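Here the structure is laid out as structure tokens; the discussion comes afterwards.
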Amino acid sequence: QCILNIRIACTQATEIGPEEFEKRRKLIVNRNLISIFVRINQKKKQAMATNHKVTYWVEMSDYDLETASAMLTTGRYLYVGFMCHQAIEKILKARICSISEETPPYIHNLSRLAEKAFINEGLTDDQYEVIDLLDPLNIEARYPSYKEKLMKSLTQEKCITLIEKKKKLQQWIKTKL
């Protein structure tokens with residue numbers, strides 16, 4: 001665009017004097033520089049907005065991990081599972097924000113979120129196992145018909161293992177941000 005504007009100004013140079021030509025050329029260059037700086041500033045703002053979104057999701061994921069640990073201490077095993085699910089869901093949404101300007105999808109299925117985050121190909125069998133273990137805990141912890149069955153299956157030992165595996169998966173996903 002800048003070169004085109006200068007060429008147009010050059011064709012007009014024969015009609016105007018050299019001083020007027022130089023004045024117009026500088027004006028064109030300045031306008032184009034301002035346009036470039038505006039675009040750079042817009043990109044910086046977009047990057048900052050993306051960084052804020054990523055930071056938000058990471059902080060929420062960390063908070064949910066702390067909550068899962070607190071629930072373990074109080075013996076509320078149903079919510080240990082639920083919060084572990086929430087923590088992985090949120091770190092996956094952080095990953096999605098880090099690779100895209102779009103808002104993460106309003107879904108809770110961890111397998112689908114892993115696909116959207118483009119990390120499903122890199123997951124180990126153990127990591128897939130953690131996702132498969134956590135996925136139903138989101139729904140089952142919310143509905144009374146599932147709560148009783150789930151509460152019987154979640155023991156202290158199982159919850160400790162769940163938190164340890166969740167921490168490892170969360171740390172691995174953080175390396176992908």
Side-chain angles (χ1 to χ4, degrees), residues 37-151 153-177:
F37 287 127
V38 166
R39 281 186 294 221
I40 289 170
N41 197 24
Q42 287 171 340
K43 291 206 181 270
K44 282 183 181 178
K45 284 181 181 178
Q46 286 173 341
M48 285 176 60
T50 298
N51 287 341
H52 288 301
K53 289 178 187 175
V54 171
T55 300
Y56 165 79
W57 287 112
V58 169
E59 287 174 354
M60 293 306 296
S61 177
D62 290 343
Y63 183 84
D64 288 346
L65 173 60
E66 290 173 22
T67 303
S69 297
M71 293 293 103
L72 179 64
T73 303
T74 61
R76 296 178 179 241
Y77 305 133
L78 175 67
Y79 294 102
V80 171
F82 179 72
M83 295 314 296
C84 284
H85 178 283
Q86 290 294 294
I88 294 300
E89 178 182 327
K90 289 170 184 170
I91 200 67
L92 286 169
K93 289 183 177 185
R95 164 69 179 163
I96 291 167
C97 285
S98 75
I99 61 170
S100 170
E101 292 179 16
E102 295 179 24
T103 301
Y106 295 101
I107 60 174
H108 308 290
N109 183 302
L110 300 180
S111 299
R112 295 242 327 159
L113 286 169
E115 287 174 24
K116 299 262 183 207
F118 296 106
I119 62 163
N120 56 325
E121 301 275 327
L123 291 170
T124 65
D125 289 341
D126 288 342
Q127 290 168 329
Y128 265 120
E129 185 181 312
V130 174
I131 286 176
D132 288 342
L133 184 63
L134 291 174
D135 239 346
L137 298 179
N138 178 52
I139 295 169
E140 292 178 9
R142 293 181 185 205
Y143 298 101
S145 60
Y146 294 107
K147 278 186 180 180
E148 219 172 292
K149 178 181 157 189
L150 188 57
M151 283 172 41
S153 71
L154 289 173
T155 63
Q156 182 179 16
E157 295 78 31
K158 189 171 181 179
C159 287
I160 290 169
T161 303
L162 192 61
I163 287 175
E164 288 171 3
K165 288 182 176 185
K166 192 231 60 85
K167 278 182 186 178
K168 287 179 185 175
L169 179 58
Q170 182 190 37
Q171 285 305 113
W172 181 80
I173 295 169
K174 280 183 178 181
T175 66
K176 305 297 178 194
L177 298 179

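Bear in mind that the values here come from a model prediction, so they are computed numbers and not experimental data.
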Please find the pair of heavy atoms, one from [X] and one from [Y], that lie closest to each other, and give the distance.
X: Leu72; Y: Cys159; value: CD1-CB, 3.7 Å
X: Leu162; Y: Cys84; value: CG-SG, 4.2 Å
X: Ala68; Y: Val80; value: O-CG2, 3.5 Å
X: Leu133; Y: Pro136; value: O-CD, 3.6 Å
X: Leu110; Y: Leu92; value: O-CD1, 3.7 Å
X: Asn138; Y: Phe82; value: OD1-CE1, 3.4 Å

Reported [atom1]-to-[atom2] distance for the pair [X] and [Y], which is rounded to 0.5 angstrom:
X: Asp132; Y: Asp125; atom1: CG; atom2: CG; answer: 10.0 Å
X: Met151; Y: Tyr77; atom1: CE; atom2: OH; answer: 11.5 Å
X: Ile119; Y: Ile173; atom1: CD1; atom2: CD1; answer: 4.0 Å
X: Ile163; Y: Met83; atom1: CD1; atom2: CE; answer: 10.5 Å
X: Leu78; Y: Leu137; atom1: CG; atom2: CG; answer: 8.5 Å
X: Lys90; Y: Asp62; atom1: NZ; atom2: CG; answer: 11.0 Å

**OP:** Check whether more than 12 heavy atoms from other residues, nucleotides or ligands sit under 6.0 Å from atom CE of Met60, and answer yes or no.
**Re:**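 Yes, enclosed.
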
Original post:
For Lys168, does the NZ atom have more than 12 heavy-atom neighbours from other residues, nucleotides or ligands under 6.0 Å away?
Top reply: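 Incorrect, the count does not exceed 12.
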
Has [X] got a side-chain atom pairing as donor or acceptor with [Y]'s backbone, closer than 3.5 angstrom?
X: Ser100; Y: Cys97; value: no
X: Tyr128; Y: Asn120; value: yes
X: His85; Y: His108; value: yes

Listed by chain and number, what are the side-chain contact (heavy atoms from CB on, under 4.5 Å) partners of [X], not counting sequence neighbours?
X: Ala87; result: Ser61, Asp64, Lys166
X: Val130; result: Leu134, Lys165, Leu169
X: Phe118; result: Arg95, Ile99

